[in-house]
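Note sheet for the following structure.
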There are 2 protein chains.
Amino acid sequence: MSRRRVTLADLAEAAGVSRTTASLVMTGRGRELRISHDVEQRVLRAAAELGYRPNAVSVGLRTGTSRTIGFVSDTVATSRLAGDMIKGALEAARERGVMLFIGETEGDPELERGLLHAMQDRQVDGLILAAMYTRTIKVPKDVGPAVLLNALPRQASDLPSIVPDEVEAGRSAARVLLEAGHHDGVHLIGAGPGLRNVPPQSVAAVERLMGIREVLGAAGVKIASGRVCADWLPEHGLAATEELLERHLPKALICLNDRLALGAYQALNDAGLSVPGDVSVVSFDDHPLASWMRPKLTSVALPHYELGRRAVEVLFAQMGDKAKPGEVHRVPMPVRHRESVGPPRP
Amino acid sequence: MSRRRVTLADLAEAAGVSRTTASLVMTGRGRELRISHDVEQRVLRAAAELGYRPNAVSVGLRTGTSRTIGFVSDTVATSRLAGDMIKGALEAARERGVMLFIGETEGDPELERGLLHAMQDRQVDGLILAAMYTRTIKVPKDVGPAVLLNALPRQASDLPSIVPDEVEAGRSAARVLLEAGHHDGVHLIGAGPGLRNVPPQSVAAVERLMGIREVLGAAGVKIASGRVCADWLPEHGLAATEELLERHLPKALICLNDRLALGAYQALNDAGLSVPGDVSVVSFDDHPLASWMRPKLTSVALPHYELGRRAVEVLFAQMGDKAKPGEVHRVPMPVRHRESVGPPRP
DNA sequence: CTGTTAGCGCCTTCAC
DNA sequence: GTGAAGGCGCTAACAG
């Protein structure tokens with residue numbers, strides 16, 4: 001038998017004051033309005049005893065705010081990686097006493113409209129528009145306060161974006177090899193060697209490639225070869241590496257993501273090559289997979305958790321006052337040094 | 001410049017009727033109250049033109065309902081598997097025009113209380129209490145309409161539960177081996193051979209084991225050995241299998257989950273044993289990993305998506321009228337037949 | 001068949 | 001310092 005909720009009127013009655021007074025005390029403005037300390041204590045005590053909690057719906061109707069934000073993504077909730085984005089957003093939201101609606105559009109514009117409406121009708125204070133893989137998205141109009149997460153606006157827009165710093169990640173991967181002493185025999189799996197040789201739609205591919213080429217180029221290291229893979233799955237990594245091994249004997253592989261690297265490991269293993277003894281491997285994403293592989297894979301991590309956090313931070317900054325409109329926030333991608341990189345074989 | 005929301009009053013004015021009439025028409029009860037077809041059309045047309053959508057917060061305050069449910073879990077949002085639970089819940093919710101709040105307790109009772117309050121204050125219509133791994137949980141009191149997802153109540157409770165049917169899954173795994181012709185040399189990795197030999201807290205372990213023992217026993221097949229692993233990670237599977245190989249030459253392995261199986265593969269490979277030529281492997285969970293492994297792993301799948309769906313279905317059934325209180329809904333775990341099981345080596 | 005009236009629970013000018 | 005009154009947007013009695 002759960003009793004009826006305690007209302008402000010109940011509280012006022014129990015404390016023997018008017019609803020106004022009770023409200024003032026509860027919203028913490030009793031002080032500035034010089035409510036007697038005595039009365040304040042009485043109200044506070046009654047509130048604690050009755051377990052009074054303001055009805056958020058009513059407050060929402062009255063104030064137009066709901067302490068709620070919406071997280072809508074194409075299909076983010078499903079992947080482990082992207083789950084971390086939600087987790088980051090969730091924690092940052094909780095720190096601010098804010099709740100999170102979530103929704104998936106599955107890429108269907110009709111669904112997206114419906115979701116946005118459902119959220120707006122519930123008076124969300126702001127929206128996070130998230131993408132599963134980093135990409136450009138069409139920004140719906142009239143969204144109110146919002147940020148783009150793991151996505152960039154297709155058309156000009158003054159919404160801020162939060163994206164992983166893929167170019168710097170590419171540089172990091174290249175540096176890992178350089179620092180291990182590699183100066184030749186470096187091959188790419190998944191894209192390259194040229195900036196045009198990338199799978200379609202993938203901003204990660206071109207940006208990683210830019211960073212790699214920049215650092216390697218500056219060190220005078222030539223990329224020995226690269227091969228594009230239409231999709232970045234283990235089987236493609238396997239095939240690409242097998243093909244590579246027919247022509248070359250690489251000293252180091254930069255795989256454009258961990259799933260490709262898994263396939264590459266397998267091809268290397270089949271060919272009797274050891275990692276990192278014969279060939280070093282460095283990769284991107286830091287998929288959970290990376291630490292299960294033998295030897296453990298050195299990978300430049302996608303900072304999903306941090307992306308989620310930043311999204312709500314930026315959202316609140318934007319709502320609070322002015323963050324520069326349209327600003328792009330790049331979140332660093334840390335290198336997870338593990339066991340797959342070693343000095344080049346002589 | 002987004003204009004002010006259009007309100008029911010605006011709509012009524014535009015259509016030249018009273019707010020009541022407008023409300024009646026919009027809530028679809030114009031028919032039964034015999035509002036003139038003419039007026040109805042006028043209101044509908046005005047609504048379409050103005051883009052009128054009722055303010056859900058206001059409706060919530062008035063009716064006490066919010067078309068919103070809360071999904072609170074220990075840490076579910078983070079795992080890929082559990083992400084699918086959310087996805088299932090999300091889709092089932094959307095089909096009913098309901099939104100989803102999500103929250104994570106991280107196992108902290110304080111946090112949990114806060115979350116539940118935050119949701120109740122927002123007048124959620126019901127709650128899904130979810131666990132990451134199937135286990136028993138302490139049911140908070142006064143939660144109102146709620147269901148337990150992937151969890152069972154620790155004390156007696158009349159909340160319904162939705163859990164994977166692990167016992168039947170165990171039977172399925174055993175049958176897979178039987179049907180391939182295995183009648184001896186069957187070893188367990190992760191638990192067993194006895195029902196007491198299980199990692200603590202794991203209901204999955206004991207139930208899977210029950211199913212396995214039942215079917216194998218009925219077929220007169222003896223479990224050759226089993227070893228408990230404190231945690232079900234690849235490294236434990238590796239160690240357990242290495243240890244096993246020191247003493248036996250197994251014909252088939254039942255790994256209690258896929259991550260253990262990954263480790264087992266590795267040990268088998270190191271020992272020069274081929275799968276499934278020398279030893280067959282069957283496992284549980286159908287982690288994404290399972291289809292990346294070579295050969296692809298046959299596994300009994302955790303039906304995360306379906307669990308999520310069922311949770312909201314049961315929740316609504318319960319709210320609608322009466323589902324039997326305390327009922328436990330067991331969701332089937334389908335076998336994913338792949339490449340790791342073959343006939344026993346002679 | 002339609003309009004008037006009265007709240008849902010809360011916050012916020014205003015007087016006292 | 002405190003109380004009375006009004007209204008956020010909507011629905012539901014009850015009249016007309």
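Here is the naming used below: chain letters follow the sequence lines, and residue numbers restart at 1 for every chain.
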Taking the side chain of [X] as heavy atoms from C-beta outward, which of [options] is closest to it?
| X | options | result |
| --- | --- | --- |
| B/Thr21 | C/dC10, C/dT2, D/dC10 | C/dT2 |
| A/Arg19 | D/dT2, C/dC11, D/dC10 | C/dC11 |
| B/Asn55 | D/dG6, D/dG9, C/dG7 | D/dG9 |
| A/Thr20 | C/dC10, D/dA5, D/dT2 | D/dA5 |
| B/Ser58 | C/dG3, D/dG9, C/dC10 | D/dG9 |
| A/Leu8 | C/dC11, D/dC10, D/dG3 | C/dC11 |
| A/Leu24 | C/dT12, C/dC10, C/dT2 | C/dT12 |
| B/Thr63 | C/dT12, D/dG3, D/dT11 | D/dT11 |
| B/Arg62 | C/dC10, C/dC8, C/dT2 | C/dC8 |

Mind checking the P distance from D/dG9 to C/dT2? Whole angstroms is fine.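 D/dG9 and C/dT2 have their P atoms separated by 25 Å.
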Rounding to the closest angstrom, what is the interatomic distance between D/dG6 and C/dT5 at atom C1'?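 Here D/dG6 and C/dT5 have their C1' atoms 15 Å from each other.
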I need the [atom1]-[atom2] distance between [X] and [N], as an integer number of Å.
| X | N | atom1 | atom2 | answer |
| --- | --- | --- | --- | --- |
| B/Asp10 | D/dC10 | CG | P | 8 Å |
| A/Gln123 | D/dC8 | CD | C1' | 9 Å |
| A/Arg53 | C/dC10 | CZ | P | 11 Å |
| B/Leu11 | D/dG9 | CG | C1' | 12 Å |
| A/Arg122 | D/dC10 | CZ | C1' | 15 Å |
| B/Asp38 | C/dT2 | CG | C1' | 13 Å |

Are any of the side-chain nitrogens in [X] or [Y] under 4.0 Å away from the carboxylate oxygens of its partner?
| X | Y | value |
| --- | --- | --- |
| A/Arg5 | B/Asp121 | yes |
| A/Asp74 | A/Arg135 | yes |
| B/Arg309 | B/Glu313 | yes |

Between A/Ser36 and D/dG1, is there a contact of a side-chain N or O with OP1 or OP2 at under 4.0 Å?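 For A/Ser36, the contact criterion (side-chain N or O under 4.0 Å from OP1 or OP2 of D/dG1) is not met.
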Can you tell me if B/Tyr52 touches the phosphate of D/dG9, counting only side-chain N or O atoms and a distance under 4.0 Å to OP1 or OP2?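 Answer is no, no contact under 4.0 Å.
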So what does B/Val39 hit on the nucleic acid, given a heavy-atom distance under 4.0 Å: a base, only sugar-phosphate, or nothing?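 Sugar-phosphate: the residue B/Val39, judged by heavy atoms under 4.0 Å, touches backbone atoms but no base.
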Need one value for A/Leu61: base, sugar-phosphate or nothing, where a base atom within 4.0 Å counts as base even if backbone is also close, heavy atoms only.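 A/Leu61: base contact, heavy atoms under 4.0 Å.
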Taking the nucleotide of DNA chain C with the closest heavy atom to each, which residue, A/Thr7 or B/Gly16, is nearer the 5' end? B/Gly16
If you count heavy atoms of other groups shown closer than 6.0 angstrom to CZ of B/Arg96, is the number above 12? yes
Got A/Asn55 and A/Thr7 here, is their nearest side-chain heavy-atom distance under 4.5 Å? no
Is a donor from one side chain sitting under 3.5 angstrom from an acceptor on the other, for B/Thr68 and B/Arg122? no
